[in-house]
Amino acid sequence: MNHHLALRIVLAALLVWACMPAHAGTPQVLVNPGAPIQAHFEYWEEPTAQASIDEVTALPQDQWQLQAEGEGTFGITSSAYWLRFSVSNRTDDRQNLIAELAYSQLDDVVFYVYSGDTLVRQVRTGDTRPFYPRDVDHPNMLARFTLAPNDARTVYIRIETAGSMILPLRVWREHAFYEAAADEQKLHFFFYGCLTVIILINLAVFLSLRERLYLYYALAISGYLLFFTSITGFSFQHFYPRAPVLHGNVLLLSMPTLALFSILFCLEFLRIKAHSPRLYKALLAMLGFELVYFATILLVSYNTAILLGAVSAFVFFSLLFIAGPISWAEGIRAGAFFTVAWIPLTVGVLATAGRALGFFPENFFTEHAMQIGSGLEAFILTLALADRLYREREQKFRAQADTLREEKARSEAQNRLNDAMTHDPVTCLPNRNRFEWMIDRQLAEDPDGHYMVGVARITRLDEINRTLGLSRSERLLKTIAQQMMELAAKLPITHAIHDSQGRIERVYQLSGDSFGILVDVRKASGDFTALDKALKQLSDPVQLDNLAIETHPRFGAASYPQHGDTAALLIRNAHVGMEMTPHGRFRTGIYSPDHDIYNESRLTLLTDLREALNQNQTQLHYQPKVNLTSGEVVGLEALVRWHHPERGWVPPGEFIPLAEETGGITELTQWVVAQALADLAELHRDHPTLTMSVNVSARDLVSSNLENLFETQLRRHGVPADRITVELTETAALEDPERGLKVLQALNGLGLRISIDDFGNGYSSLSYLKQLPATEIKLDRSLILDIDASEGSRMIVATAIRMAKGLGYQVVGEGVETPDTANLLREMGCDMLQGYWVCSPQPLPMMRTWLAAGFYAAVDRVYLAQKR
Ligand code: C2E
Ligand code: CA
Ligand code: CA
């Protein structure tokens, strides 16, 4: 039972047309007891296909040619072939024999069994007629005949077929045939079963993953299955025995089907397009050819179709054969699988070819080489697909884990940033910002309460620093902070809150040497002995490295509501109280307005400021803001300067808070806005794109009519609104969030740009900042300060920049004093910078000169920084 598979067709078509050697020998088949029957035969090719059996039996002997192997492949031919062989029974038993042409695709076959000159049996079969009736229920061409002892038969077979004239003749004892047929059947079921399982698995994977790859593979294997079942006649016998036309066409269609989907699978599986454009083009061309072939297959003649199929199978096979190693060489893992999978198929094809050509002997392996090869191929590729599935899932898991890790790192960095902005770097205590925020919140929650803000200052810290050195005095500070926390924890009257990470806050660090607590006076009910005891302990010398160090703390306090109704004022007054005559045993100075020496001088200072504003003793200095990548000067920031007739230069850090507290800020801002816009209008003549940043204070948002002010001044100086940026400190906006937001929106409505100043030095509730109509964020000087030196600061600034950019802000770095800092900021993605390194704040005339020359100077500097 021989099977002639894809390569048979290739071979038939391409290689072995009519190259049949003739062998001399006995045209006899002898049946000895038990011995296998050797089927030599003689044949006669009859080109006209007209001869009758009588003419053939009368042929002279020299017309017959011997085929010693009992098997012949004659290619595609329109001739009819006649086969002749004789069998004689040399046994004592009657023999039931079967003559077989072991190829299921022959169109028309007639067996004539002669006893001497008498025709004893005639069997007509072939696959162009309905499957049944058949002499034997089997897809191959079979005829039974019997031989009495010492009897002989001569059998003539006439074959006419489209497709290949493949004639493997066997003669069987009946029982041997059935045994072999049953074995063959088992093998078939196993092979088809395996392919079916592979198809189903891949279909299931396709349905759940929706990846075309698996569908292509399932369809390609279905093509194989179709091909094998139809070329063996299995499907004809079992599925459509009444439809011989269908049978012929299924075989034809199975070839382009399997090729088409194999190519699609290969393209997708090996990602050919990405690495081998030429192979990709070749496979696409092949794909196109297979499509055309598929479409026209039923239109051309059967023989043409078979021929095309053979040629295309040859090209297809070669292309896929090289696709594996090429992809493998390109580093595609699937390429290795593909190569390995294609090897058994190649071996199978070669073995089948070799057997067909007579190079290899007939045995189980050569006979089933194609099935074994294609089965192994399908199996290895299924493994490859499973491997791919596994790896993809692994990758997905890994990617998920990576994202989780990244997210964690990001949130950790955010927490660190938050921490850095709200905690003291040395003691890790919450800082002044937190303290103010905590007090304001508490007062807002409990406006009728009675509270006391207490501050402590280590008055000898400077001296200690000088004698002990910085690192030891830092340790001293830590020790003191620790002691304060422990003491406060024992005092239920100190107000305590939890921060967002669940840490408890009781003691705050207001500056390098001062600390603060909030005392709930009502909880004390007049009894402050515990507090006094704690303060006494704090006044005792601190033990450090076997030294008892006198810290000389001083304590001050201010009460709510008597001494103030905001945190800022209460803290200030508590500090003032510290300077006053101490009450009680432990040097606690309680604030009293009568003794507020600062009040007086501050009041005169304020009067002076008002006067200065009127008499133009104040002036504006300008500091450029440059683009970090282009070096271009983007704009100027207006910074107020005041030269006091007696005191000399008063720094804005001194009089601006004062003006804010007393309401003088409104006039200051009015003057600044008017002056800055006038100057800008003038500068625009030479630098029409220049912008101007003006600082606006928290109080302005509440008390000044900023909208009106800007509208008037913009109109008056004819400056476009989008050239003005309003800089607002982060904390300023927060004091009255709702009101602040409204005013900012109004300013934004005028066309002004909003910038968040001193970012990183406030509460930085990002969720609030996000609501502001701001487009720019200025990183606070204190953050930038030591990024050259400290990895931690770098990390914090990098995070701040990433976060700000993520929210769509332009980022300005402030206080840049060195090229290293500039360079670091540029690497972190900062957009603009300001600082002494580019230019310190300058009066207008000098700024004008600088702008004329400095534009290029700034470009050069940034450029230099980039080249470093
Ligand atoms: P700011 O808005 O953050 O202004 C930047 C401050 O950093 C300015 O201090 C500037 O001179 C200084 N500066 C610039 N580059 C560097 C540098 O490279 N290194 C260092 N160490 N400092 C640099 P200034 O002029 O003393 O102003 C202090 C603060 O006063 C300003 O901080 C701003 O909040 C406020 N201020 C100044 N002018 C006005 C104003 O007209 N109106 C209002 N409301 N506030 C103002
Ligand atoms: Ca500013
Ligand atoms: Ca600033």
Side-chain angles (χ1 to χ4, degrees), residues 609 612-613 617-626 635-643 649-680 691-704 706 709-710 713 724-733 735 740 743 753-762 774 776-788 811-822 825 832-844 846-847 850 858 861:
L609 178 62
L613 287 171
Q617 277 173 14
T618 43
Q619 18 168 321
L620 285 180
H621 283 192
Y622 293 103
Q623 186 178 37
K625 178 167 77 179
V626 302
L636 303 177
E637 176 176 3
L639 295 158
V640 72
R641 295 288 178 266
W642 178 22
H643 194 263
W649 290 106
V650 187
E654 218 163 274
F655 63 87
I656 284 172
L658 179 68
E660 280 174 348
E661 266 172 46
T662 52
I665 193 71
T666 308
E667 285 140 285
L668 178 89
T669 304
Q670 274 169 358
W671 179 84
V672 169
V673 171
Q675 188 63 46
L677 266 62
D679 289 350
L680 182 64
T691 65
M692 176 71 75
S693 297
V694 184
N695 291 286
V696 156
S697 121
R699 272 291 154 90
D700 290 322
L701 288 188
V702 193
S703 48
S704 318
L706 283 182
L709 170 66
F710 275 105
Q713 295 297 340
I724 305 297
T725 303
V726 173
E727 290 194 7
L728 181 84
T729 48
E730 192 186 339
T731 30
E735 273 171 23
V743 177
R753 293 175 191 279
I754 311 291
S755 170
I756 296 164
D757 207 349
D758 301 341
F759 178 76
N761 187 28
E776 179 186 274
I777 273 189
K778 298 184 81 173
L779 297 178
D780 193 56
R781 248 193 341 267
S782 62
L783 279 184
I784 307 276
L785 207 61
D786 57 346
I787 58 169
D788 291 353
V811 182
V812 186
E814 276 190 331
V816 177
E817 297 183 352
T818 66
D820 285 341
T821 313
L825 286 173
M832 285 168 281
L833 63 81
Q834 230 179 302
Y836 294 166
W837 177 61
V838 175
C839 179
S840 59
Q842 305 282 333
L844 183 66
M846 292 170 88
M847 191 72 252
W850 187 88
R861 284 183 169 205

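In what follows, every heavy atom counts, from backbone to side chain, and hydrogens, waters and symmetry copies are set aside. Indexing begins at 1, ligand by ligand and atom by atom, following the structure's order.
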Any heavy atom of Lys778 under 4.0 Å from ligand 1? The part involved is neither
_Pairing donors with acceptors under 3.5 angstrom, does anything connect the side chains of Thr818 and Asp820?_
no
message: At a threshold of 3.0 Å, where the distance has to be below it, does the Ca ion (ligand 2) have an N, O or S atom of Glu727 nearby?
response: yes
**Item:** Contact with ligand 1 for Pro651, non-hydrogen, under 4.0 angstrom
**Value:** no
Partner of Ser755 under side-chain contact (heavy atoms from CB on, under 4.5 Å), picked from Val812, Ile777, Thr725, is Thr725
- If you measure from the Lys or Arg side-chain nitrogens to the Asp or Glu carboxylate oxygens, is any gap between Glu814 and Lys625 under 4.0 Å? no
Assess Asn695: does it contribute an N, O or S atom lying under 3.0 Å from the Ca ion (ligand 2)?
yes
Under 4.0 Å from one or more heavy atoms of Glu637, ligand 1 contributes atoms 2 (O), 4 (O)
Quick note on ligand 1: atoms under 4.0 Å from a heavy atom of Gln623 include exactly 14 (C), 15 (N)
Any heavy atom of Asp757 under 4.0 Å from ligand 1? The part involved is side chain
Sorted by chain and residue number, the ring pair (Phe, Tyr, Trp, His ring centres under 6.0 Å) partners of Trp671 (sequence neighbours excluded) come out as none
- [ ] Tell me yes or no: between the side chains of Asp757 and Thr729, is some donor less than 3.5 Å from an acceptor?
- [x] no
Under 4.0 Å between heavy atoms, the region of Val816 that gets near ligand 1 turns out to be backbone
Numbered in order shown, the ligand 1 atoms found under 4.0 Å of a heavy atom of Glu814 are 3 (O)
### Query
Do any N/O atoms on Asp758 end up under 3.5 angstrom from N/O atoms on ligand 1?
yes
### Task
Using distance alone, determine whether Val640 and ligand 1 share an N or O pair under 3.5 Å.
yes
Discussion item. Test side chain to side chain contact (heavy atoms under 4.5 Å, CB included) on Val694 and Glu727; report intermediate values, then the result.
Written reply: CA-CA 6 Å; Val694 184; Glu727 290 194 7; over 6 Å; no
Counting heavy atoms under 4.0 Å, the part of Val672 that contacts ligand 1 is side chain
Hey, is Arg641 one of the residues with a heavy atom under 4.0 angstrom from ligand 1? yes
Between Thr669 and Glu667, a side-chain donor and acceptor under 3.5 Å: no
Side-chain heavy atoms of Ile724 within contact of Leu680, under 4.5 Å: yes
Open item on the list: Any atom of ligand 1 sitting under 4.0 Å from a heavy atom of Pro841?
Closed with: yes
Side-chain heavy atoms of Gln619 within contact of Trp642, under 4.5 Å: no
TODO: Return yes if a side-chain donor-acceptor contact under 3.5 Å exists between Thr666 and Asp700, otherwise no.
DONE: no
For Asp757, the N, O or S atom at the shortest distance from the Ca ion (ligand 2) is OD2
Checking distances from the Ca ion (ligand 2), one finds that the N, O or S atom of Glu637 closest to it is OE2
The answer for which part of His621 has a heavy atom under 4.0 Å from ligand 1 is neither
### Query
Purely on distance, is any nitrogen or oxygen of Gln834 under 3.5 Å from one on ligand 1?
no
Residues at least two apart in sequence or cross-chain that pass ring pair (Phe, Tyr, Trp, His ring centres under 6.0 Å) with Phe710, listed by chain then number, are none
Any heavy atom of Leu639 under 4.0 Å from ligand 1? The part involved is both
With a 3.5 Å cut-off and no angle check, do the side chains of Glu637 and Gln623 form a donor-acceptor pair? no
